[in-house]
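Read the structure below first, then the notes.
Since we're looking at a predicted model, the values are computed, not measured.
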Amino acid sequence: VSYEMKDGKIGYIEVTQFIDNTADQFSKAIDDLKGQGMTSLIVDTRDNGGGLVDTCVDMCSEFVPEGDLVVYIQDKNGGRTDYKSNSSRSVDMPIVILINENTASASEIMTGCLRDYGLAKTVGTKTFGKGIVQNIFPLSVGTAVKFTVAKYYLPKGDCIHEQGIEPDLKVEMTDEEKKAALDSEAKDKQMQTKNRSSAQSLSFLNQDGKKQWTKSSPSGVTKRRKWSVSSHADGLVSTHQTDWTRNGRLKKSFSRRILP
């Protein structure tokens, strides 16, 4: 996890993987940015191939009210395991999640969960579409067996396996633009604030600038936050939309996880 404060009190957190210490680092990043006066947040999950389910749930718990469903897993026999928010903490501000074609698995759980509750908007390109749970068992000869045991479902009941998540605001980049963006943020099309008209179409804050909670449809989701436009969210949305390629970082762990 790496983070910094952008102009306009916009917090920026990049998450490259979901491993044992990621949730703790993520929580500390949020606390530090809030201490600096953060009023809106960008979470960058581009090229994040996923990781541990429990870590993902802990991170979603920073935003989703305690006890609400984050994701559930269902096997071929219909057996279901629910993963619910386990924290009373709640980040209450406009949020944008940056996604691309390499955003997969646990990254998609986080993206889809916050999307389903109306807690965040997404910017970038369609995600990979990895919606299965796989276990890895080491063998005595130094090899291992990986097999699929279940599928995971987002709070509203969607399974995104081989489907992916479409962004609220689509911004594509060529390979040349991606390379240029690695050297200069000013060349990152998904990190700019020039296209304000597109940002305004996303409705982050209500007309009166106040946050509003509404009941959702009977799909297992209990609450949904609606945002419409403010000056912060306006910059926030257009400030993040790039398909960075960061050498496809992926850490493997021999525990239950969602693997890309």
Side-chain angles (χ1 to χ4, degrees), residues 15-18 22-23 43-64 68-85 95-136 146-172 190 202 216-225 240-241 243-245 248-250 256-260:
V15 182
T16 59
Q17 55 194 338
F18 291 79
T22 305
V43 180
D44 193 344
T45 65
R46 294 172 295 183
D47 301 307
N48 183 328
L52 299 169
V53 179
D54 289 340
T55 296
C56 177
V57 172
D58 288 343
M59 292 168 67
C60 289
S61 297
E62 295 282 344
F63 311 100
V64 177
D68 283 1
L69 183 67
V70 172
V71 66
Y72 67 91
I73 292 172
Q74 188 167 302
D75 61 30
K76 66 179 182 180
N77 297 317
R80 171 170 165 165
T81 301
D82 288 355
Y83 291 82
K84 298 182 178 181
S85 174
I95 301 167
V96 163
I97 302 178
L98 301 184
I99 58 176
N100 69 1
E101 66 276 8
N102 296 318
T103 298
S105 198
S107 295
E108 292 175 291
I109 289 179
M110 184 174 187
T111 299
C113 174
L114 298 192
R115 177 204 64 182
D116 278 6
Y117 282 107
L119 298 175
K121 294 293 185 179
T122 56
V123 174
T125 56
K126 183 179 178 180
T127 63
F128 183 83
K130 183 71 172 182
I132 54 177
V133 180
Q134 295 179 308
N135 285 354
I136 297 179
K146 179 173 72 173
F147 57 93
T148 300
V149 296
K151 292 182 178 180
Y152 72 76
Y153 295 83
L154 300 175
K156 293 178 73 172
D158 296 326
C159 179
I160 59 171
H161 188 59
E162 298 182 343
Q163 300 298 318
I165 296 174
E166 292 283 357
D168 294 303
L169 181 60
K170 187 174 183 179
V171 177
E172 297 179 315
Q190 297 173 340
L202 294 183
S216 70
S217 58
S219 58
V221 180
T222 57
K223 295 178 181 178
R224 185 179 308 167
R225 196 177 328 185
H240 268 55
Q241 291 186 322
D243 288 50
W244 287 353
T245 301
R249 300 173 189 151
L250 173 63
R256 179 182 238 204
R257 59 177 295 162
I258 296 175
L259 291 167

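Side chains of Thr122 and Asp168: a donor-acceptor N/O pair is present below 3.5 angstrom, by distance only. Using modelled atom types and a 3.5 Å distance limit, the side chains of Glu101 and Thr125 yield a donor-acceptor pair.
Residues Phe18 and Asp54 form no side-chain contact, since every pair of their non-hydrogen atoms from C-beta on lies 4.5 Å or further apart. In this structure, Thr22 and Met59 have side chains that are in contact, with non-hydrogen atoms separated by less than 4.5 Å. At a threshold of 4.5 Å between non-hydrogen side-chain atoms, the residues Tyr117 and Leu69 count as touching. Val53 has its side chain out of reach of Val133: every pair of non-hydrogen atoms, C-beta onward, lies at least 4.5 Å apart. By the 4.5 Å heavy-atom criterion applied to side chains, Leu114 and Val64 are counted as neighbours.
Looking at Asn77, its side chain never comes within 3.5 Å of a backbone N or O of Gly79 through a donor-acceptor pair. A donor-acceptor pair is defined here as one N or O able to donate and one able to accept, closer than 3.5 Å; such a pair exists between the side chain of Asn48 and the backbone of Val15. Side chain of Lys126 to backbone of Gln163: a donor-acceptor contact under 3.5 angstrom is found.
Around NZ of Lys84, the count of heavy atoms belonging to other residues, nucleotides or ligands within 6.0 Å does not exceed 12.
Taking the side chain to side chain donor-acceptor pair (under 3.5 Å) definition, one finds that Thr127 meets it with Glu108, sequence neighbours left out. Looking at residues two or more places apart in sequence or on another chain, you find a salt bridge (Lys or Arg N to Asp or Glu O under 4.0 Å) between Asp158 and Arg115.
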